Amino acid sequence: MTISNWRSRAGTTFQTEKRPASGSKGVVVTNHPLGSAAGSEMLLAGGNAIDAAISSLFALTVVEPMMVGIFGGGYINVRTANGEHHVIDGYTTAPAASTEDMYTPVADSGPEYLKSVDDLSSIGYLSIGVPGNLKAWTEVLKAWGTMSLSEVIEPAVRFASRGFKASQYLHDTIVQMEDVIRRFPETAATYMPNGKPLQPGDHVDRSDYARTLRAISENGPDHLYKGVLGEIVCDYLSRNGGIITTQDLADYKTVKRKPIKGKYRGYELFGPPPPSSAGVHIAEMLNILEEFNVAELGFGTADSIHLLAESMKKAFADRNQYTGDPEFVEVPVDRLISKHHVEDFIDNIDIDKASPEIEPGSNEPDHTTHLTVADSDGNIVSATQTINELFGSKVTVPGTGMLLNNTQQMFDPHPGNARSVLPGKRVTSSMAPMIVLKDGLPEFAVGLPGGVRIFPSVLQAIVNLIDHRMSAQEAVEAPRMWTQGQDVEIELDIPASVRSAVAAKGHRVTPVNAVGGGMNIVRFEPGGIISGSACWRADGHAVGIGGGFARPGVRFRPLAGDEEVVVDDVVSLQIDDDPVETPIRRASTNETKSDGDKV
């Protein structure tokens, strides 16, 4: 994949704010510097990309706690060095005591469709799903990693024990949720000590959580799913109106799923299947775009944004109709990703006029985390993980430092629908941890947080790389747009003149500061180099590992031409009346030193 002068055809140009990192041994990219530090520590210690990814995830539960936790869920997309592809579904499930009518909806359409009376599905003890993250992470490590759980969790324990400095990003999220956090004293004690949000640079004390991590390191995932930690959690929840039981935890299982495989202009794309909508609908939208000369339309022009908007409109119409947990609803995956499925839609696209708006779908929370890791052997991990909304349910279990998810919020509170809550059910997700190949070899892996804006944003990164041939750094930082069939959100870095031209085609344009969250990417460059990039929308940092071990046989200041130097004899010299013992050195050979050899 070569870089082109995409700017010559662009309606929008920009300068990147961050710089990539690269290395020949591996790259780790996460949305916090200490998250990336943990993963790179594993690579430097001889681990592979799987070891690094799991170590980074544990570290992120410490330093990015508002986004991810062991009591959360997510999808992990893995490509192993032997070319196998695996998707591990570690998403949360509804507790066994869940019922379709456990929440009362506040609206039958619009952006508040998923909201429930008194926010019971989104805040507090009834909003919590049965967690999958800890089990998924440990299973992935056992299956494809090379290091022990205690080794990969050690950086997280260290960060939690000593604490860390709050970033501006963490401060802003606390301020955003300040009023709700106040309702939960255990959570407020960590993030609002003395009644005020942590300020940038303040010390964040996670010592309670350090003890929890140490216990998991010693006892494994059963400490939560079948042990003492699970008993503590369930006892606390039951005393406060929660419904998760120790049996729910013991019964939880991850699901190993076959990735969705799409094709686009000679590239192969691997993404998560349902219940995630990402793999299916990225493939569907690319099938539409492949029939157009996207590169010629130019990046960030009114025509290219219009074409993206129409493609997203089709994807969301199908998502609203079909996507769900395949254990409960039938999802016609093969039909949705077929070229034939979009033929009539393509024929009806008017490049000058927007098609009618569609009925709005659900609106998922934007707050998640993503990491991307690769090593020189070809192991790749693209993982999107969450506790759903900022700080999840806002519930911290006393003495554990552990925030609990609020993934029940993503179920439809209206009974009798495909996405209504049922015991053991998984919610529909937009997570899009993607891995892309060309001619059977890895090209790049990418993902981001952002709720329903995730997979349309990943689509744009793919187009930026393949059609516009941007650099990886440009591809993740490029201005974005998004729609699910109603108003079209366009970032302010796209010129007002372009936004006006899009509106002139009949779209309702809404200018926004950002679409989606902090995207990160690893890319396999020519010459055996791997690069990593993170965008400005989060605290993303990339770490590249280069260098290597010494050349075999090298030693400090060797004699020229020697294969090996050994100490053969010691002689005594007289220096300033003091005897000094000095070794006689010679090359190690089969020759025998005679008495006449000179020193």
Side-chain angles (χ1 to χ4, degrees), residues 30-35 37-38 57-72 119 122-125 127-128 131 133 153-216 224 229 232-233 235-237 239-240 242 365-369 385-406 449 517-518 538-539 541:
T30 79
N31 278 338
H32 193 281
L34 293 181
L57 286 171
F58 277 114
L60 288 170
T61 69
V62 177
V63 297
E64 205 184 18
M66 66 287 197
M67 302 292 186
V68 63
I70 57 175
F71 214 90
D119 292 317
S122 60
I123 299 173
Y125 307 96
S127 69
I128 303 163
N133 272 352
I153 206 172
E154 195 276 332
V157 173
R158 190 168 68 244
F159 299 154
S161 297
R162 73 186 185 195
F164 61 96
K165 289 184 177 181
S167 69
Q168 181 71 49
Y169 189 51
L170 175 57
H171 164 76
D172 290 344
T173 61
I174 297 170
V175 170
Q176 183 177 340
M177 305 305 297
E178 179 178 354
D179 291 342
V180 185
I181 290 175
R182 287 186 190 279
R183 294 164 49 185
F184 299 89
E186 286 290 326
T187 305
T190 300
Y191 305 105
M192 297 178 61
N194 303 314
K196 296 181 180 179
L198 289 165
Q199 298 298 307
D202 281 355
H203 180 264
V204 185
D205 180 6
R206 303 297 315 277
S207 53
D208 279 356
Y209 188 52
R211 290 188 288 273
T212 296
L213 290 175
R214 285 195 192 97
I216 291 170
L224 172 62
L229 181 58
I232 292 171
V233 171
D235 176 67
Y236 179 68
L237 293 181
R239 287 187 283 109
N240 288 277
D366 296 334
H367 304 103
T368 298
T369 198
Q385 308 286 292
T386 193
I387 53 173
N388 201 38
E389 293 187 304
L390 284 175
F391 301 95
S393 62
K394 318 303 181 289
V395 174
T396 298
V397 179
T400 70
M402 186 170 60
L403 272 166
L404 308 186
N405 69 74
N406 72 329
D539 288 337
H541 282 66

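If you're wondering where the values come from, they're calculated on a predicted model, not measured in any experiment. Scope of the values below: all heavy atoms of this structure, side chains included, with no hydrogens, waters or symmetry mates.
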Give a yes or no answer on whether the side chain of [X] reaches the backbone of [Y] with a donor-acceptor pair at less than 3.5 Å.
| X | Y | answer |
| --- | --- | --- |
| Asn194 | Lys196 | no |
| Asn406 | Ser127 | no |
| Asn31 | Gly518 | yes |
| Arg206 | Phe159 | no |
| His203 | Arg162 | yes |
| Thr369 | Pro449 | no |
| Glu64 | Val62 | no |

Between Met67 and Leu60, is a side-chain contact (heavy atoms from CB on, under 4.5 Å) present by the stated rule, with each step listed? CA-CA 8 Å; Met67 302 292 186; Leu60 288 170; over 6 Å; no

Can you tell me which residue pairs pass the side-chain hydrogen bond (donor to acceptor under 3.5 Å, both in side chains) test with a partner in residues 396-405, sequence neighbours excluded? Thr187-Thr396, Asn405-Thr407

Rounded at 0.5 Å granularity, tell me how far OG1 in Thr368 sits from CG in Leu390.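 So the OG1 of Thr368 and the CG of Leu390 are separated by 9.5 Å.
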
When you check the side-chain N and O atoms of Thr61 and Tyr209, is any donor under 3.5 Å from an acceptor? yes

Assess, by modelled atom type and distance only, whether the side chains of Gln176 and Asp172 contain a donor and an acceptor separated by less than 3.5 Å. no

For a quick test of reading the model, state the closest non-hydrogen atom pair linking His541 to Asp539 and the distance between them. ND1-O, 2.9 Å

